[in-house]
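Note that the structure is a prediction, hence the values are computed from the model and not measured.
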Amino acid sequence: MKKTFIRGAGVLMPISALPSSHGIGTLGDAAYAFADFLVAAGQRYWQVLPVGPTGFGDSPYQSFSAFAGNPYFIDLDRLVQDGLLTAAEAESAREEIGDIDYEHLFYTRFDLLRTAHRRFRPNEEYHTFCREQAHWLSDYALYTALKEHFNHRDWSEWDEDIRLREPTAVARYTEKLAENIAFVCFCQYTFRRQWDSLKTYANERGILLIGDIPLYVSADSADVWANRSLFQLDSRGFPTAVAGVPPDMFSATGQRWGNPLYDWERMAEDGFAWWRKRVESCRGLYDALRIDHFIGMARYYAIPAACETAVDGEWRQGPAKLLTDAIDQAASDMRILAEDLGVLHPKVRTLLRQTGYPGMSVLLFGFDGNPDNPHLPHNFPKNRAVYGGTHDNDTIVGYCSRAKRREISLMMRYLGVKRRAAIPVGMLRAAYQSVADLAIFQMQDLLALDSRARMNTPSTVGDNWKWRMPHEALTDELAAHLKEFVTLYNR
């Protein structure tokens with residue numbers, strides 16, 4: 001029987017945003033300190049964004065692999081403890097806390113990781129990891145080595161023989177790029193070893209990790225290159241239609257994500273084996289799983305690949321319960337949360353009801369003047385997750401700074417606060433006291449930060465995913481404040 005979510009509170013905090021001293025958040029001391037903060041604050045859940053290696057635009061929702069971990073998250077200080085780096089080498093990567101500079105990381109971090117790899121001596125644990133993960137690791141390691149060989153171009157621009165994965169070409173490049181392939185495997189083993197240690201630490205203290213998987217994968221990924229028959233591609237490997245959503249409150253022209261669409265009929269032929277493996281992999285990383293863009297399982301938006309916006313797309317039938325049944329079998333007792341934001345078609349509502357997955361409500365969406373708005377706490381069902389805002393929203397403070405006067409007035413009256421500055425705390429209280437099983441807030445909103453701390457602005461590229469939390473942010477006062485609300489409202 002599938003587990004339900006235990007009533008509790010949690011924090012959405014990406015690994016990348018942790019305050020490490022090496023340019024980006026890692027699985028090091030700051031991650032363990034954050035777990036300790038969650039315990040002190042009475043929290044039960046730590047939700048992260050996708051942890052895969054990021055591609056163009058640095059978005060965690062556009063990863064080179066649906067299975068791999070991000071090498072940037074490997075903690076350098078722990079490599080020093082392992083004897084794979086010197087303290088001076090790790091110190092060379094030290095940076096003051098500030099926005100993440102992904103370009104600098106790209107040109108410097110891998111040199112340090114290669115130094116660690118040269119000193120690494122494979123052991124039985126490493127060989128076991130490579131064997132157990134071979135169903136994705138072999139393709140991903142070769143794909144990553146090939147990207148470097150072809151100057152990081154999209155795989156659709158590689159030489160035809162390897163682009164089409166001709167067996168002789170695969171064998172030739174596997175031998176030629178053996179050293180780089182081994183380096184990629186080392187990075188994935190090291191990421192997983194550090195991740196498992198952090199997860200064990202958090203779990204032993206009562207903290208459950210909620211992962212996040214995008215419904216779609218990136219066109220330029222090992223997943224598409226190695227499994228072309230599972231996607232809607234032409235003979236050259238280019239998508240015939242791409243994913244996105246129609247115009248909405250985020251964008252007047254919709255969102256053209258550009259991800260290739262699955263060939264759902266082909267996937268159904270083997271019982272969605274690729275999806276089963278994906279979810280089984282997540283089960284080893286997380287205690288619960290948020291499925292981003294869940295509505296695409298019931299019906300998905302297909303945009304002709306030649307269209308530059310999402311205006312001219314069309315809705316098509318998704319696999320619905322055929323897929324969720326396969327996911328449930330692979331997930332076993334792992335809890336699942338459905339991101340069902342957007343215009344809900346009756347088919348989506350039906351699928352949610354059939355699965356029993358909790359959907360999401362976002363307080364920032366609630367104050368349009370409609371008392372039946374499903375994002376208002378008095379309309380929540382128990383089997384629900386309430387958020388102040390998501391990674392795609394402005395922070396609560398930032399949102400309120402530009403909201404219309406009538407919306408602010410409604411917020412203040414509904415939340416029972418007298419000042420605009422009290423709205424973030426009012427939202428926290430409203431979420432915590434609601435009947436919804438999960439109440440999750442972004443760390444930025446718990447810190448009452450303005451728009452400069454926004455994680456992502458949809459339909460834009462170049463200034464997203466960069467925020468990092470200051471070292472001094474996790475105070476005893478903040479922990480005590482959250483713990484008070486957790487105790488008061490039985491979370």
- prompt: Under the salt bridge (Lys or Arg N to Asp or Glu O under 4.0 Å) criterion, do E484 and R429 qualify, and how do the steps go?
  reply: CA-CA 10 Å; E484 179 184 6; R429 184 185 295 275; over 6 Å; no
Have R193 and Y126 got a donor and an acceptor in their side chains that come within less than 3.5 Å?
no
NZ/NE/NH1/NH2 to OD/OE distance under 4.0 Å, D333 and R283: no
Residues 40-52 vs side-chain hydrogen bond (donor to acceptor under 3.5 Å, both in side chains), sequence neighbours excluded, gives Q43-Y432, Q47-Y387
Any side-chain donor paired with an acceptor under 3.5 Å for Y189 and Q133? no
Practice prompt. Inspect the surroundings of OH in Y201 and state if more than 12 heavy atoms from other residues, nucleotides or ligands are less than 6.0 Å away.
Written response: yes
| query | What's the verdict on side-chain contact (heavy atoms from CB on, under 4.5 Å) for C185 and L137, showing C-alpha distance, side-chain angles and the deciding distance? | reply | CA-CA 7 Å; C185 292; L137 182 58; 4.0 Å; yes
Sequence neighbours excluded, the answer for salt bridge (charged side-chain N to carboxylate O under 4.0 Å, His left out) partners of D58 is none
By salt bridge (charged side-chain N to carboxylate O under 4.0 Å, His left out), R491 pairs with (sequence neighbours left out) none
Looking only at side-chain N and O atoms, does Q62 offer a donor or acceptor that is under 3.5 Å from a partner on D220? no
Does atom CD of E103 have more than 12 heavy-atom neighbours, drawn from other residues, nucleotides or ligands, at distances under 6.0 Å?
no
E91 meets the salt bridge (charged side-chain N to carboxylate O under 4.0 Å, His left out) criterion, sequence neighbours left out, with R94
**Request:** Give a yes/no verdict on a cation-pi contact between R192 and W195, requiring under 6.0 Å between NZ or CZ and the six-membered ring centre and an angle within 45° of the axis.
**Result:** no
Under 4.0 Å between a Lys/Arg side-chain N and an Asp/Glu carboxylate O for R402 and D394? yes
By salt bridge (charged side-chain N to carboxylate O under 4.0 Å, His left out), R452 pairs with (sequence neighbours left out) D450
Sorted by chain and number, sequence neighbours left out, side-chain hydrogen bond (donor to acceptor under 3.5 Å, both in side chains) with S409 holds for none
